[in-house]
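Heavy atoms only: backbone and side chains are in, while hydrogens, waters and symmetry mates are out.
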Amino acid sequence: MEHDWSKSDESLHEAACAAIQAFAKEHGDTEVCSFFFDCDDPQYGLVHISLDSMENNIRSAKQLEQYAIKGRERNIKGMTRWQSAKYHLTTPVLSPFNTNGGDFEFGCYRTVEFPAWRDLAESREYPHGAEHEDDYLASNARLVMWRVAERLVSEDAFAPLIHVSRFLVGYSVQDEE
């Protein structure tokens, strides 16, 4: 079974360009700091296009910081605190950038459907690799999103947006990456 992934690339690229243009028209005064492709599970054949405003990003980062502070105050107490200090002092990972597309101000701004991915996931001929290998569909979905993100950057497709100098472009599959 061989799937033509270039069709997925073209569909996602076309949808991303349309989303960028629409966002620039609808939210032309919004300062954007992140653009992500988000795929909860490729077997459902959906990729969400999400954007985050700088204002929401700052708010999200501060909320995560407060959550971490409270968790550390609660968990680094008592006689056994040394047994889990590393975990509690490093979890959650703090960052000045929110990279969870679900928490973006414009999470799921647009959704792109890939019916062929659903068909592929349900096929009896679905390729299964060795246990240590990546899943066929998830890996190819990652590659599609990565290639399209690289293409958008190289084409300067984000030019219509008001974006900060540390503008993030990314993707996630099942809340990873």
Exercise for review: Mind listing the closest non-hydrogen atom pair of Cys33 and Val164 along with its distance?
Suggested key: CB-CG2, 3.6 Å

Practice item. First locate atom NE2 of His88, then atom CG of Asn75, and finally report the distance between them rounded to the nearest 0.5 Å. Key: 4.0 Å

Practice item. Report whether Tyr44 and Leu143 are members of the same hydrophobic cluster (ILVMFWY, side-chain heavy atoms less than 4.5 Å apart, transitive linking). Key: no

Review point. Can you find a heavy atom in the side chain of Ile20 that is under 4.5 Å from one in the side chain of Pro160?
Key: yes

Check your understanding: What class does the angle between the rings of Trp5 and Trp117 fall in, given that below 30° is parallel, 30 to 60° is tilted and above 60° is perpendicular?
Key -> tilted

Review point. Would a distance-only check, ignoring hydrogens and angles, find a side-chain to backbone donor-acceptor pair under 3.5 Å from Asp134 to Asn140?
Key: no

Point to revise | Between CG on residue Asp9 and CD on residue Glu150, distance to nearest 0.5 Å | key: 12.0 Å

Exercise for review: Compare all side-chain heavy atoms of Phe104 with those of Asn57 and state whether any distance is below 4.5 angstrom.
Suggested key: no

Check your understanding: Any side-chain heavy atom of Asn100 sitting closer than 4.5 Å to one from Phe36?
Key -> no

Check your understanding: Heavy atoms, side chains only, cut-off 4.5 Å: are Ile49 and Phe23 in contact?
Key -> no

Revision key, fill the gap. For Met145 and Ser172, the nearest pair of non-hydrogen atoms, with its separation, is CE-O, 3.9 Å

Exercise for review: Kindly indicate whether the side chain of Leu46, heavy atoms from C-beta on, has any atom under 4.5 Å from the side chain of Phe114.
Suggested key: no

Review point. Any chain of hydrophobic side-chain contacts (each under 4.5 Å) joining Ile58 to Leu168?
Key: no

Practice item. Assess the side chains of His13 and Glu155: does a donor N or O sit below 3.5 Å from an acceptor N or O? Key: yes

Review point. When rounded to the nearest 0.5 angstrom, what distance separates CZ in Arg151 from CZ in Arg147?
Key: 11.0 Å

Practice item. State whether the number of non-hydrogen atoms from other residues, nucleotides or ligands found under 6.0 Å of Phe97 atom CZ is greater than 12. Key: yes

**Study point:** Closest contact, heavy atoms only, Asp40 versus Gln174
**Key:** O-CG, 2.7 Å

**Study point:** Any donor-acceptor pair under 3.5 Å from Ser11 side chain to Lys7 backbone
**Key:** yes

Check your understanding: Considering all heavy atoms of both residues, which atom of Val169 and which atom of Ala149 are nearest to each other, and what is their separation?
Key -> CG1-CB, 3.8 Å

Check your understanding: Do Ser8 and His3 touch side chain to side chain, with heavy atoms closer than 4.5 Å?
Key -> yes

Practice item. List the steps, then state whether side chain to side chain contact (heavy atoms under 4.5 Å, CB included) holds for Tyr109 with His27. Key: CA-CA 12 Å; Tyr109 177 70; His27 306 282; 4.2 Å; yes

Review point. Among pairs that include at least one residue of residues 47-56, which meet salt bridge (charged side-chain N to carboxylate O under 4.0 Å, His left out), considering only residues two or more places apart or in two chains?
Key: Glu55-Arg59

Check your understanding: Quick one: do Met54 and Leu161 end up in the same hydrophobic cluster if we chain Ile, Leu, Val, Met, Phe, Trp and Tyr together by side-chain heavy atoms under 4.5 Å apart?
Key -> no

Check your understanding: When rounded to the nearest 0.5 angstrom, what distance separates CD in Glu133 from NE2 in His128?
Key -> 12.5 Å

Practice item. Would you please indicate yes or no on a ring centroid separation below 6.0 angstrom for His163 and Phe158? Key: no

Exercise for review: Answer whether the closest heavy-atom distance between the side chains of Tyr171 and Leu12 falls below 4.5 Å.
Suggested key: no

Practice item. Would you kindly confirm whether Leu89 and Leu64 end up in one hydrophobic cluster when ILVMFWY residues are joined by side chain heavy atoms under 4.5 Å apart? Key: no

Point to revise | Point-to-point distance, once rounded to the nearest 0.5 Å, from NZ of Lys62 to CG of Asn98 | key: 14.0 Å

Check your understanding: In terms of ring plane angle, is the pair Tyr126 and Tyr136 parallel, tilted or perpendicular, where the classes change at 30° and 60°?
Key -> perpendicular

Study note, to complete from the structure: Between Ser50 and Gly107, the two heavy atoms sitting closest are OG-CA, 3.5 Å

Exercise for review: Answer whether the closest heavy-atom distance between the side chains of Val47 and Val144 falls below 4.5 Å.
Suggested key: no

Check your understanding: Linking I/L/V/M/F/W/Y whenever their side-chain heavy atoms sit closer than 4.5 Å, directly or via other members, would Val173 and Trp146 fall into one cluster?
Key -> yes

Check your understanding: Which atom pair, heavy atoms only, marks the closest approach of Ala68 to Pro92?
Key -> CB-CD, 3.8 Å

Check your understanding: Does Ser53 use its side chain to pair, donor to acceptor, with the backbone of Val32 at less than 3.5 Å?
Key -> no

Revision key, fill the gap. Rounded to the nearest 0.5 angstrom, the CG-CD1 distance for Leu94 and Ile69 is 8.0 Å

